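Read through the structure below, which is laid out as structure tokens, and then see the notes.
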Amino acid sequence: MDLFTEPSETPQPRAGAGTAPLAARMRPQSLNEIVGQDHILGSDKLLRRAIEADRISSIILYGPPGCGKTTLAEVIAKTTNRRFKRTSGVLANVAILRKILEGSSHWKKMKGQETILFIDEIHRFNKAQQDVLLPYVENGDIILIGATTHNPFFFINTPLNSRSQIFQLQSLTEEAIIEVLNRAMTAPPGLKGLVTASEDGLDHLAAVCDGDARRALNALEIAALTTPPGEDGRVHLTQHEIEESVQMKAVAYDHDEDEHYDTISAFIKSVRGSDPNAAVYWLAKMIYAGEDPRFIARRLVILASEDIGNADPRGLTLAVSAMQAVEFIGMPEGRITLSQATTYLACAPKSNAAYVAIDSALGDVKNGRTLPVPKHLQSGPKPDQGDTPYKYAHSGENHFVDQEYIPTEKIYYVPTHQGYEDTIRKRIEYWDSLRKRKTPNQDS
């Protein structure tokens with residue numbers, strides 16, 4: 001017996017002609033075989049209870065490629081003993097849809113069995129195509145399961161959404177991908193125990209496949225098909241063969257150990273140090289290694305306030321916009337947005353004055369006596385409000401009045417001469433001259 005033959009069969013050509021792809025052979029057949037998605041398929045979760053109780057209604061499955069939307073639809077059909085039909089938003093037109101829908105309606109009348117209609121990429125249907133589904137969903141002639149990688153609230157008609165429950169699936173974790181790969185190497189429908197893979201090779205494959213189980217299984221199969229067996233008749237895959245199968249070189253990057261922290265440290269310090277070339281390189285390394293782009297975006301938002309601040313207030317706006325854009329468009333396109341934000345922040349004037357100010361004030365609040373609020377600033381009126389009235393700033397010349405706002409002369413915020421903060425510094429100097437307060441020396 002070898003990798004590409006069933007027991008007691010005549011050996012087949014090495015290319016495995018006539019054999020279904022590994023990802024298809026390893027498709028789970030029951031809820032217990034599905035890896036991941038515990039947030040909707042856990043033992044106490046609504047969707048699992050509905051499936052096991054055979055009370056499933058029309059649903060929309062929303063999530064990234066390779067997370068198990070098609071698998072879940074087929075398992076639902078098997079578990080609930082429903083007739084299963086499938087089509088695609090790419091292939092079906094109104095005529096094809098009507099034929100499937102009318103056939104399902106007839107089947108229910110003749111056989112008493114409901115049909116689950118699975119529509120992959122349902123977001124590709126236009127409004128007219130989606131409207132065709134409505135009466136059949138409403139009458140219970142079909143149970144619709146739509147799958148989409150796009151937000152259904154934007155890409156699917158409101159009437160269809162309102163008649164369906166929406167469940168969001170998540171990308172599989174690296175641990176889940178490794179579990180899928182190990183199962184595929186040992187299971188009889190898969191590689192029958194005739195393939196082994198090194199731990200670092202599996203780690204690399206799980207990282208670069210970005211939560212897509214189908215992509216991981218396809219790469220494993222390519223590696224197995226193209227690697228000669230050893231003397232024991234088994235295929236032994238190293239990291240090299242797996243790198244070749246996915247056409248991506250592994251980089252030294254552990255996601256929760258030194259390399260992770262060292263790389264993000266180099267990235268932040270390069271942006272702070274105004275070196276856009278170094279910053280983009282470290283950004284590229286993180287993206288290539290499969291770092292969570294949302295983590296990178298969050299760090300840029302922090303840096304925009306900590307290291308740039310009011311020297312260029314637009315930096316924070318750009319960083320927040322980049323974070324939202326990455327969340328909305330995902331990868332790989334998100335790399336462009338991250339690069340734009342990184343290079344802008346690296347080239348922006350720098351100031352940590354706002355960061356220093358809040359930490360200094362927090363230190364005084366934590367370690368010193370808590371200062372009382374001046375009576376004229378308190379919310380009033382109060383019996384002991386005092387005789388000093390509050391002066392409304394907008395009634396003064398240039399919208400400024402000289403009055404005490406805190407009972408201390410300590411300076412917390414010391415703006416620099418950098419970028420827009422130099423304008424802020426000049427404003428503060430003007431106000432301090434009216435208060436007759438000495439302005440501290442500024443950075444050059």
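Remember, it's a predicted structure, so these values are computed and weren't measured experimentally. Computed from heavy atoms alone, side chains included, the values below leave out hydrogens, waters and symmetry copies.
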*After noting the C-alpha distance and the side-chain angles of R272 and D307, does the key distance pass the salt bridge (Lys or Arg N to Asp or Glu O under 4.0 Å) rule?*
CA-CA 6 Å; R272 179 185 297 142; D307 295 300; 2.8 Å; yes

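- At least one side-chain heavy atom of S351 sits less than 4.5 Å from a side-chain heavy atom of T416.
- The 12-atom threshold is not exceeded at NZ of K85, counting heavy atoms of other residues, nucleotides or ligands nearer than 6.0 Å.
- The backbone N or O of L134 sits nowhere less than 3.5 Å from a side-chain atom of E138 that would complete a donor-acceptor pair.
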*Evaluate the salt bridge (Lys or Arg N to Asp or Glu O under 4.0 Å) criterion for residues E179 and R183: first the C-alpha distance (whole Å), next the side-chain angles of each, then the deciding distance (0.1 Å), finally the verdict.*
CA-CA 6 Å; E179 181 180 343; R183 184 184 296 177; 3.4 Å; yes

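- Counting only N and O atoms by type, the side chains of Y412 and D364 include a donor and acceptor under 3.5 Å apart.
- Between Q170 and H39, the closest side-chain pair of non-hydrogen atoms falls below 4.5 Å.
- Looking at T238 and E241, their side chains do bring a donor and an acceptor atom within 3.5 Å of each other.
- Looking only at distances, a side-chain donor or acceptor of S164 sits under 3.5 Å from a matching main-chain atom of L160.
- Across L205 and A216, no two heavy atoms sit closer than the pair CD2-O, 3.7 Å.
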*Would you check, one step at a time, whether the test side chain to side chain contact (heavy atoms under 4.5 Å, CB included) holds for V414 with V356?*
CA-CA 9 Å; V414 183; V356 171; over 6 Å; no

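- Under the 3.5 Å distance criterion, the side-chain polar atoms of R48 are matched with a main-chain donor or acceptor of L41.
- One distance of note links CG of L191 with CZ of R234; it measures 11.0 Å at 0.5 Å rounding.
- A heavy-atom distance below 4.5 Å is found between the side chains of L220 and L237.
- Counting all heavy atoms, side chain and backbone alike, G36 lies closest to L172 at CA-CD2, 4.2 Å.
- In this structure, I268 CD1 and T342 OG1 are separated by 8.0 Å, a value rounded to the nearest 0.5 Å.
- E291 is listed as a side-chain neighbour of I296, based on a closest heavy-atom distance under 4.5 Å.
- No more than 12 heavy atoms of other residues, nucleotides or ligands lie within 6.0 Å of NE2 in H106, so this atom counts as exposed by the packing criterion.
- The nearest pair of heavy atoms linking I119 to S88 is CG2-C, 4.4 Å.
- Side-chain contact between E74 and R86: present, with at least one pair of heavy atoms (C-beta onward) separated by less than 4.5 Å.
- Proximity of a side-chain donor or acceptor of R25 to a complementary backbone N or O of P189 within less than 3.5 Å is detected.
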*Evaluate the criterion side chain to side chain contact (heavy atoms under 4.5 Å, CB included) for residue pair R314 and Y420; output intermediate values, then yes/no.*
CA-CA 10 Å; R314 292 172 298 182; Y420 183 73; over 6 Å; no

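- Other residues, nucleotides and ligands contribute more than 12 heavy atoms inside 6.0 Å of the NZ atom of K78.
- No side-chain N or O of R163 forms a donor-acceptor pair with one of S58 less than 3.5 Å apart.
- How far CZ of F167 is from CG of L61: 8.0 Å, rounded to the nearest 0.5 Å.
- Distance check, rounded to the nearest 0.5 Å: CE of M331 to CG of D292 gives 9.5 Å.
- Of all heavy-atom pairs spanning I242 and L202, the tightest one is CD1-N, 4.0 Å.
- In this structure, K285 is not positioned above the aromatic face of W282 in the sense of NZ or CZ being under 6.0 Å from the six-membered ring centre and within 45° of the axis.
- N139 places no side-chain N or O within donor-acceptor distance of the main-chain N or O of D141, the cut-off being under 3.5 Å.
- In summary, the side chains of D275 and Y281 do not present any donor paired with an acceptor at a separation below 3.5 Å, with no hydrogens or angles considered.
- At distances below 3.5 Å, at least one donor-acceptor pair connects side-chain atoms of Q113 with backbone N or O atoms of N81.
- Side-chain contact between Y413 and N310: present, with at least one pair of heavy atoms (C-beta onward) separated by less than 4.5 Å.
- Using bins of under 30°, 30° to 60° and over 60° for the plane-to-plane angle, the ring pair H123/H150 lands in the parallel bin.
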*For the pair T343 and V280, evaluate side chain to side chain contact (heavy atoms under 4.5 Å, CB included) and give the outcome as yes or no after the intermediate values.*
CA-CA 7 Å; T343 51; V280 165; 3.5 Å; yes

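- Under 3.5 Å, the side chains of K108 and S104 contain no donor-acceptor pair of N or O atoms.
- Shown here is F84, whose CZ atom has more than 12 heavy atoms of other residues, nucleotides or ligands within 6.0 Å.
- Rounding to the nearest 0.5 Å places NE2 of H236 at 9.5 Å from CD of E231.
- Residue A184 comes nearest to L217 through the heavy atom pair CB-CD2, 3.6 Å, listed as atom of the first residue, atom of the second, then distance.
- Checking S198 against D200 by side-chain atom types alone, a donor-acceptor pair falls below 3.5 Å.
- Looking at heavy atoms from C-beta onward, L46 lies out of side-chain contact with I40 at the 4.5 angstrom threshold.
- Between the side chain of Q37 and the backbone N or O of C67, at least one donor-acceptor pair lies under 3.5 Å.
- Considering L72, D120, I116 in turn, I116 is the only one that fulfils the side chain to side chain contact (heavy atoms under 4.5 Å, CB included) rule with I145.
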*Does the pair D54 and R82 meet the rule for a salt bridge (Lys or Arg N to Asp or Glu O under 4.0 Å), with working shown?*
CA-CA 9 Å; D54 201 3; R82 309 291 174 93; 2.5 Å; yes

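- In this structure, CZ in R425 is found 10.5 Å from CD in Q418, a value given to the nearest 0.5 Å.
- Considering all non-hydrogen atoms of both residues, A325 and T337 come closest at CB-CG2, 3.9 Å.
- Contact of the K69 side chain with the T149 side chain is registered, since non-hydrogen atoms from C-beta on lie closer than 4.5 Å.
- Put simply, the side chain of Q129 gets close to the backbone of N126: a donor and an acceptor are under 3.5 Å apart.
- Of the possible polar contacts, none joining the S339 side chain to the R335 backbone as a donor-acceptor pair under 3.5 Å is found.
- Proximity of a side-chain donor or acceptor of T186 to a complementary backbone N or O of N182 within less than 3.5 Å is detected.
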*Full working for side chain to side chain contact (heavy atoms under 4.5 Å, CB included) between L338 and L283*: CA-CA 8 Å; L338 289 173; L283 172 65; 4.2 Å; yes

